[in-house]
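Input: a single structure, listed below in C-alpha cells.
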Amino acid sequence: MDVIEALRASSDALRANRLRAFLTILGVVIGVAAVILLVSIGEGARQYIRQQFGQLGSNILVVVPGRTAKEGGMHMGTSAVRKLTMEDARLIERRSRAVLHAVPIIVGTSWIRFGNRSRDTYIVGVGARYFKVRNLKIAVGRNFSQDDIEGSRRVCVLGRTVKRELMGEATSPLGALVTIGDAKYRVVGEMAPKGVTLGFDIDDVVFIPVTAAQELFDTDWLFNITVKVASEAQIPQAKEDIRRLLTRRHAGKEDFTILSQDEVVAVMGKILNIMTAVLAGIAAISLVVGGIGIMNIMLVSVSERTREIGIRKAVGATNRDILLQFLAESVLLSLTGGLFGVLLAAALAFALPAFVPFLPTHLVWWSVIVAFLFCLAVGIFFGVYPARKAASYDPIVALRYE
Amino acid sequence: MALIELHEVCKSYFLPTYRVDVLRGIEFQVQEGEFVAIMGPSGSGKSTLLNIVGCLDRPTRGRYLLQGQDMGGKSDAELAQVRNQEIGFVFQSFNLLPRYPAWKNVELPLVYSGLSPAERKRRALQMLERFGLLDRATHTPAELSGGEQQRVAIARALINNPAIVLADEPTGNLDSRSGAEVLDIFQGLHRQGVTILLVTHEMEVARRAQRVITIRDGVCQDGCY
Ligand SMILES: Nc1ncnc2c1ncn2[C@@H]1O[C@H](COP(=O)(O)OP(=O)(O)OP(=O)(O)O)[C@@H](O)[C@H]1O
Ligand SMILES: [Mg+2]
C-alpha cells in the first residue's frame, strides 16, 4: 500500500465521521490562524513604522545639543554645554566626505497673522537643503534659495493647514505678506500636503530661512543639525566624522548627541520581532493542544476499528500498511486543520484593518509555510503512537474483537 | 508435492498460571484441488489450526509447509504477502468492513497487491457478477442479507486467485437455505479446481467435502467424530 492508498483509506474514514473530524481539527485551525495572524499583525506594524520613517527621508542623522540620551546623567548648569551653531553645521557639511548635507534647524512657536486672521503655530527655521533632505515637496511656488538663507531674507513657505486657516482654499498664497512676530514675511511657496507622521502634523508648520529664525527668536543656538548621509553604508563613517569634528570644536568635550533614525527604526523593529515571536509562541501552544486532541481521537478511532485492522491484516496488510493508514489519517486531520487555519488567517488579515484601523496587517508567506510544516509535525508526532498501536494488533485477537 | 503439509504442529497458550495445549502434534497433508472438511468438538482447536494454515498465527512447535515452503522462517511482512497472494479467508461472521460498499470490500485484498484503482474495481465487479451480486455492488453490508454478505466475503476471498480458500464455519450464521447456497458455491469452486479447507461441526456440511479430518484432544484423525 502506498501513500496515496493510505490517504484514500483515511479520507474515507474521516468522511464517515465528519462532525468528529471537524471538532478535532478546530484546535489546529484556531492555533494556525492565531500564529499566522499574529505574525501578520507584527509585520504590518513593522512596515507601518518603516514607511512612516521613510517619509522623513532615509540615511539621516540628527545632531542635538547636550549629552543626555545615552548616559541618562543630569547636567548641572548649562554653561558646561556648548550649543550647536551655524558654523558647526557648515563644518560638518564641508569636512566630512560621508555627509551630503548638514542642515541647521531652529524650531519655535509664534503667532502668524494675515489680514484679520491669525494662528499660533510652529515656525521652523531651515537651511536651503532641508526640503530635499526630509523628502518634503513644494506644491506651489519655490523652495528657499541660498541667497534667502545668506541674506536672512524674510520669506516663508506655508504648510497646508496654515495656508488654509489664514487664506482659505481658493486664493494663491504666493506674494502675500504675512506677519510673524513683529516682521512681515513674503510667502514664496506652499507645501504639498503630507499629513500626520508619527503623531506630528507636518502640514501645520511655517518654514522660514534659519537665519531669519535666528533674528525672530533672537538666538545663535540651533535646535538641531539634520544630516543627510550619502549612503546607508557610510552612516558609521559620518557619525565618526561628526563626533571628531564637533569634539575638537567644542574644546574636547562631547557635549552633543548623534541620533540615527535608522537605529531607532531598527530598535523598534527588534522589539516588534520579540513581541511577535512571544505571541506566536503562545499561539503555537494551542496548536500543540490541537495535536493532543488529534491523538485522543485517533486512539478512539483505532480501538473502534480494531476489527477493521484484523480484517485488513487477514487479507494481506502488513504492519507498515496499517501504520501508514492511521498516520495518514492523523496527518490528514492536522493538515486539513492547517489549511482552514491559513484560510481563516488570510480572511482575518484582510478584514481586520477595515474594522480596527490602527492594526495594519501584512500576511507573511513564510509564516504560512512554517505554520503548515508545524501542522505536519504535530500530525506526525501525535499520530505515531496511535498508528503504532494499531499496527501492533494481533490479527486473531483483532478479528475476534466485538 | 502436497500443497499443505503439517508436521508435528503444536500450539500452546501460556496463561499467567498454566499452559493450554490446544494442538499437540497435528500431522496432515492436503493436495492441490482437494476439498477437506475439518471437524471436532467446540474448543478442540479447529479455528486455531485454520489460523495457522492461513498464516495468521504461528505454531509453537512443528513445521508448516505451504507449496513446499517452510512458513516458520518467514517474517511478519512475508506472511502478510502470503495471506494476500495465496490465501482467501471466509469467516463465520463475514467480517466485511461496514463503511464500505460491497465492491470495495471485494477489492480490499487487491489494495495490498498494488493494483491500480481502475483495475481493482473492474475485477471486483467481475467477481460480484460471478456470484450474482452485481446489482448489490454499491450496497453496504448493513443493506445486504446474511447470505449475500457471505457471498461478498467469498468473492473477496477469491479475488486474488488464492491457492487455498479457508472457511471457518461459513454457514454458522446463516439459515439453512442460504447455507446451502454458500455450500453450493464451495462445491462449484471445488469443481473448478480450488483447494478448500472448511471447518464445521455439522455432518451435512462435512458430507459435501471429499475428505473429513477430525480434531480431538489436540491431534487429528481421519473420518468423522
Ligand atoms: N488467546 C488465547 N489464549 C488462551 N486460550 C486460547 C486463546 N485462543 C484460543 N484459546 C483456547 O484454545 C482452544 C481452541 O480454540 P478454538 O477457537 O481453536 O476452538 P474451536 O475448535 O474453533 O471451537 P469452536 O468450534 O467453538 O469454534 C479453546 O479452548 C480456547 O479457549
Ligand atoms: Mg472456531
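All values below were derived from every heavy atom in this structure, side-chain atoms included, with hydrogens, water molecules and symmetry-related copies excluded. Letters A, B, ... are given to chains in the order of the sequence lines, protein chains preceding strands, and every chain is numbered from 1.
- Just one residue in the list Asp57(B), Thr48(B), Thr60(B) forms a side-chain hydrogen bond (donor to acceptor under 3.5 Å, both in side chains) with Lys11(B), and that residue is Asp57(B).
- No hydrogens or angles considered: nothing links the side chains of Thr276(A) and Asn273(A) as a donor-acceptor pair under 3.5 Å.
- Taking Ala157(B), Pro117(B), Gly88(B) one by one and counting their heavy-atom pairs under 4.5 Å with chain A, the maximum is reached by Pro117(B).
- Counting only N and O atoms by type, the side chains of Gln47(A) and Glu43(A) include a donor and acceptor under 3.5 Å apart.
- Contacts between Leu96(B) and chain A at a heavy-atom distance below 4.5 Å involve the backbone alone (N, CA, C, O).
- Between chain B and the residues Thr318(A), Asp12(A), Asp394(A), Asn319(A), the most heavy-atom pairs under 4.5 angstrom are made by Asp12(A).
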Glu5(A) vs Arg8(A), salt bridge (Lys or Arg N to Asp or Glu O under 4.0 Å): CA-CA, chis, key distance, verdict
CA-CA 5 Å; Glu5(A) 286 301 335; Arg8(A) 196 172 287 154; 3.1 Å; yes
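- Of the two parts of Asn95(B), the backbone and the side chain both hold a non-hydrogen atom closer than 4.5 Å to a non-hydrogen atom of chain A.
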